[in-house]
Amino acid sequence: MSENLSSSAEAIDDAPSVHAIQAKWQEYWAENDTFLAGGAEDTRPRKFVLAMFPYPSGDLHMGHAENYLYSDIVARFWRHRGHNVLNPIGWDSFGLPAENAAIRRGADPREWTYQNIDQQKRGFKSYGVSFDWSRELHTSDPEYYHWNQWLFLQLHERGLAYRKKSPVNWCPNDQTVLANEQVVDGRCERCGAEVIKKKLTQWYFKITDYADRLLDDLNQLEGRWPHKVLQMQRNWIGRSIGADVDFRIEGREEPVTVFSTRPDTLHGATFFVVAPDADLAAELVADAPAEVQERFAAYLADVQKTTDIDRQSTDRPKTGVFLERYAINPVNGEKMPIWAADYVLADYGHGAVMAVPAHDQRDLDFARAFDLPIKVVVDTTAPITGAMPVIEVDDEGVPIDTGAALDEQHPSKTGVALTGEGRLINSGDLNGLSKRNAITRTIEQLQANGTGRAAKNYRLRDWLISRQRFWGTPIPMLHHEDGSVTPVPEAQLPVTLPSVDGLDLSPRGASPLGAAESWVRTVDPVSGDPVLRDPDTMDTFVDSSWYFLRFLSPNSDQFAFDPTEAARWAPVDSYVGGVEHAILHLLYARFITKVLFDMGLIDFTEPFSSLINQGMVILDGAKMSKSKGNLVLFQEELDKHGADALRVGLAFAGPVEDDKDWADVSTTGAQKFLARALRLSHEVSSPVDVLFKDGNAALRRGTHHLLAEAPALVEQTKFNVLVARLMELVNLTRKTIDSGAGAADPAVREAVETLAVMLDLIAPHTAEEMWEALGHEPSVGLVHWRQADPALLVEDTITAVVQVGGKVRAQLEVSAKISEAELEALARADERVIRAIGDKEIMKVIVRAPKIVSFAVKG
RNA sequence: GCCGGCGUGGCGGAAUGGUAGACGCGGAGCACUCAAAAUGCUUUGUUCGAAAGGACGUGUGGGUUCGAGUCCCACCGCCGGCACCA
């Protein structure tokens with residue numbers, strides 16, 4: 001801002017300006033280490049408060065402003081409640097944007113990254129966030145990614161990191177593979193390019209081994225994580241319970257296993273389908289007539305051309321090729337033709353299904369398209385409660401009368417598969433059983449025959465962690481000439497990234513590290529053999545899957561984290577971040593936590609005891625984006641209104657989890673409120689040690705009501721309501737002063753001190769300034785919240801409400817201690833009540849002293 | 001299609017089954033001022049009424065209850081997740 005503005009501008013912001021106050025206190029906090037967490041000797045109870053660490057993309061934006069405001073409110077709250085609070089900050093500083101920027105400028109990704117970190121760091125400091133800066137970490141430092149490599153080796157040793165050749169998601173734009181979680185609607189989560197499938201050998205983490213625990217442990221988080229996130233994780237893991245059934249295949253020695261959630265319908269399985277891109281399909285077609293092979297090859301080529309986006313469109317007609325091979329139904333020996341069709345996925349279950357067209361919509365659509373038999377085996381019109389019905393059967397055990405109702409609903413007529421509850425028919429000794437009982441019975445029978453067993457399947461796939469990019473953690477594995485792969489010994493870690501000098505980082509499908517000859521070619525320290533380093537780097541979600549633990553021992557070169565410190569601080573008590581990580585980061589972090597638990601390094605199985613999901617900051621109903629040009633810039637708003645007004649505006653805009661439209665965020669309202677509060681502190685004229693008990697009673701009650709209510713508001717993250725309550729107390733204090741009590745009234749000091757201490761959560765600079773004006777030593781951030789005096793929470797008089805026929809007809813000012821009889825008598829005597837009752841008959845009187853009298857009337 | 005969430009003034013939103021609309025934005029009016037800004041005060045759901053006072057009112061329709069924004073059932077709408085997952 002220019003210096004030569006006229007004096008009128010100064011008059012508006014009467015000195016000291018908001019910005020001067022900000023600078024003053026930010027300097028004070030830095031110099032005094034006000035917000036450093038206490039060490040091992042600190043006996044206060046501990047709270048670990050954490051916001052998802054930022055990716056250093058450049059300037060802070062409004063999303064950051066919101067995210068770190070909420071975590072700061074929680075951290076400040078616990079300090080005021082006498083806790084030793086750890087509120088650290090670090091940088092998720094590996095990743096593609098740095099690399100892409102480096103390619104554009106022909107520079108080192110390090111430069112871009114560390115410059116951005118500096119910039120964002122200044123942003124956080126000018127925003128007044130109470131971080132413990134002494135524990136700052138960068139995932140792109142060798143001191144950090146050393147321990148990513150260590151973690152990888154631990155997983156490898158336990159069989160949880162493995163290599164396999166498999167169709168993977170490939171982003172043709174970023175020229176790298178993607179995890180399943182990073183493909184959104186068939187597109188790359190980062191750049192939006194249509195993802196294609198490629199068959200590649202890649203490193204995976206075996207997260208599916210933990211699928212049951214990841215799913216079941218979500219129950220522990222019920223009520224402590226947003227319902228929505230729990231639901232999303234449950235959907236993502238997608239457990240199905242059913243049976244594996246072994247089918248003999250004519251001309252093949254080994255039986256083929258398929259998974260089904262409806263083993264009860266096995267008698268209705270009339271054909272068999274394999275995924276065209278599964279190995280089984282290729283094998284089965286190998287012995288087929290040449291003409292079939294040709295048709296299959298053409299079909300497979302077609303299928304592979306289809307992108308996921310096309311493949312997922314629901315009304316796509318069913319396609320497939322008959323392979324002229326047969327499977328044998330294990331329950332009735334019937335021959336089932338085998339088809340290859342792309343509605344069956346190669347990488348789910350066993351890549352093949354038994355098709356039950358009568359009771360599965362997809363199978364039905366396929367059967368109708370290719371004229372395959374449809375056999376109903378569950379009568380969905382039969383009652384399923386009560387005793388098992390007697391079903392009359394003919395000589396061959398086929399029920400004689402399945403009823404006209406069922407006939408009408410036959411899938412071959414309606415095109416609608418019968419998936420509901422019902423009673424089994426056409427199924428031998430299962431006939432008459434309910435669906436549920438038939439499932440149990442079938443599994444027992446399969447198990448007895450050795451042709452099947454109970455089984456579970458998951459939508460969740462293993463976590464593909466290899467990336468063909470430079471700016472990430474090198475995978476610490478060595479490739480030998482004989483094809484074997486061995487780990488780099490732990491003592492040799494970290495495997496550091498080479499210099500970018502002479503390296504072409506531009507994406508071309510293979511990791512740029514592969515071209516760093518002097519880096520890639522090395523010697524195995526164990527065998528002495530010449531080996532090649534693995535040229536890929538790890539998914540950056542590996543970095544963030546355990547970083548919260550690194551904050552506990554940020555400088556250790558002995559271990560990733562100190563288990564003693566972990567026992568002290570972890571798990572994280574309050575975790576704050578956007579819902580966009582509902583599955584990715586939060587699932588991976590939960591997985592790694594369980595692995596570390598199994599290793600005996602930590603004593604908990606869930607990393608984040610409670611989770612706060614903030615909504616997005618949007619503008620005029622639309623997501624802000626650079627390309628749309630509808631950005632609200634953090635720094636600009638901060639300069640314009642000051643950090644505290646920004647913080648109050650955001651906190652007051654609405655519930656934490658809702659999106660906030662910047663158009664609805666009132667920074668002017670916030671500024672006015674803060675100015676009113678600050679002005680009060682300058683008016684207070686009673687001495688610091690004045691006795692509050694002599695103060696204005698109504699104001700004292702207001703103060704103590706807030707003292708009583710505020711902690712619950714913070715713990716329930718109702719920050720917008722907290723701001724409203726603070727506004728109310730400011731208004732009440734103003735009124736008390738102006739209406740006669742005056743600024744010297746002890747209750748005014750009590751109210752303003754309370755305001756300062758509570759306002760610190762949201763507007764810390766203003767709070768410090770108020771605290772100082774009140775004659776106290778800084779920092780207000782470390783002052784304990786006073787307890788509410790129960791005596792002051794009891795009102796002398798209360799407004800009782802009288803209802804007649806459910807409608808409010810009168811308000812009565814009564815003593816809070818009034819008896820029910822007295823209150824009823826008062827109500828009956830009230831003129832308005834008498835008028836409302838008129839000549840109606842009183843049926844019933846409900847009295848809840850001192851709040852309510854309710855007359856139920858007739859007529 | 002399956003699963004989940006949400007519908008409250010002009011706007012953001014508040015409300016352990018007990019006075020719906022706290023608090024704020026915006027609007028209107030007033031005081032201070034030569035004037036403005038700033039500040040302070042009053043008012044502001046709709047509707048009938050000069051007023052007193054009344055009627056209506058939390059997406060729609062039903063139900064439970066002395067009493068429902070809140071609980072139950074059905075429907076409508078919006079948002080989110082998953083989706084040819086066997």
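Chain identifiers are assigned alphabetically (A, B, ...) following the order of the sequence lines, protein sequences preceding nucleic acid strands; residue numbering begins at 1 within each chain. We use all heavy atoms of the structure for the numbers below, so side chains are in, but hydrogens, waters and symmetry mates are not.
Picking from G40(B), C11(B), A86(B) the nucleotide with the shortest atom distance to the side chain of Leu345(A) gives A86(B). Checked against U42(B), A86(B), G13(B), the side chain of Thr261(A) finds its nearest nucleotide in A86(B). In the set G18(B), C11(B), G5(B), the nucleotide with an atom closest to the side chain of Gln803(A) is G18(B). Proximity note for Val721(A) (side chain, C-beta onward) versus G18(B), C11(B), A15(B): the nearest is A15(B). Closest contact between the side chain of Glu728(A) and the listed nucleotides A86(B), C23(B), C84(B) involves C23(B). Side chain of His227(A), nearest nucleotide from C84(B), G4(B), C82(B): G4(B). When distances are taken from the side chain of Val808(A) to each of C82(B), A22(B), A20(B), the shortest belongs to A20(B). When each of A22(B), C66(B), U39(B) is scored by its nearest atom to the side-chain atoms of Lys672(A), the top-ranked nucleotide is U39(B). Picking from G12(B), C66(B), C84(B) the nucleotide with the shortest atom distance to the side chain of Phe652(A) gives G12(B). Distance from the side chain of Ile852(A) is smallest to G18(B) among A15(B), G18(B), C82(B).
Asn731(A) comes within 4.0 angstrom of the backbone, heavy atoms only, and of no base. If you check every strand for non-hydrogen atoms under 4.0 Å, Asn235(A) touches a base. At a threshold of 4.0 angstrom between heavy atoms, the contacts of Arg832(A) with the nucleic acid are absent.
Here A35(B) sits opposite no nucleotide as a Watson-Crick or G-U wobble pair (both hydrogen-bonding atom distances under 3.5 Å). Checking C84(B) for Watson-Crick or G-U wobble geometry (two distances, each under 3.5 Å) identifies no partner in any strand.
Protein atom CE of Met843(A) is 12 Å distant from nucleotide atom P of G67(B), rounded to whole Å. Rounded to whole Å, the distance from CD1 on Ile846(A) to P on G17(B) is 18 Å.
Annotated as syn: G9(B), whose glycosidic dihedral is within 90° of 0.
With P as the reference atom, A22(B) and U44(B) are 10 Å apart, rounded to whole Å. If you take atom C1' in C84(B) and the same atom in A15(B), they sit 46 Å apart, rounded to whole Å. The P atoms of G17(B) and G7(B) are separated by 15 Å, rounded to the nearest whole Å. Rounded to a whole angstrom, the distance from the P atom of G18(B) to that of A68(B) is 11 Å. For the C1' atoms, the distance linking A37(B) with A51(B) amounts to 39 Å, nearest Å. Going from the P atom of A14(B) to that of C23(B) covers 14 Å, rounded to whole Å. If you take atom P in C71(B) and the same atom in U16(B), they sit 11 Å apart, rounded to whole Å. For U70(B) and A86(B), the P atoms lie 37 Å apart once the distance is rounded to whole Å.
Between Asp363(A) and Arg262(A) there is no salt bridge, since none of the side-chain N atoms of the basic residue sits less than 4.0 Å from a carboxylate O of the acidic one. A salt bridge links Arg734(A) with Asp738(A): the distance from a Lys NZ or Arg NE/NH1/NH2 to an Asp or Glu carboxylate oxygen falls below 4.0 Å. Ionic pairing of Glu795(A) and Lys851(A) is not present here: no N-O contact between side-chain nitrogen and carboxylate oxygen is shorter than 4.0 angstrom.
An OP1 or OP2 oxygen of G40(B) is reached within less than 4.0 angstrom by a side-chain nitrogen or oxygen of Arg679(A).
For the pair Lys318(A) and Phe370(A), the cation-pi test (distance below 6.0 Å, angle within 45°) is failed.
Taking the six-membered ring where the residue is Trp, Phe272(A) and Phe247(A) present perpendicular rings, their angle passing 60° and hence far from 30°.
A residue-by-residue look at Arg835(A) and Arg262(A) shows that Arg835(A) has its nearest nucleotide of RNA chain B further toward the 5' end. RNA chain B is contacted by both Gly669(A) and Pro655(A); Pro655(A) maps to the nucleotide lying nearer its 5′ end (nearest heavy atom per residue).
Side-chain to base pairing of Ser666(A) with C25(B): no donor and acceptor N or O lie closer than 3.5 Å to each other. One cannot find a donor-acceptor pair under 3.5 Å joining the base of G5(B) and the side-chain atoms of Gln231(A).
Applying the 6.0 Å contact sphere to CZ of Arg436(A) captures no more than 12 heavy atoms from other residues, nucleotides or ligands.
Counting only N and O atoms by type, the side chains of Thr717(A) and Tyr70(A) include no donor and acceptor under 3.5 Å apart.
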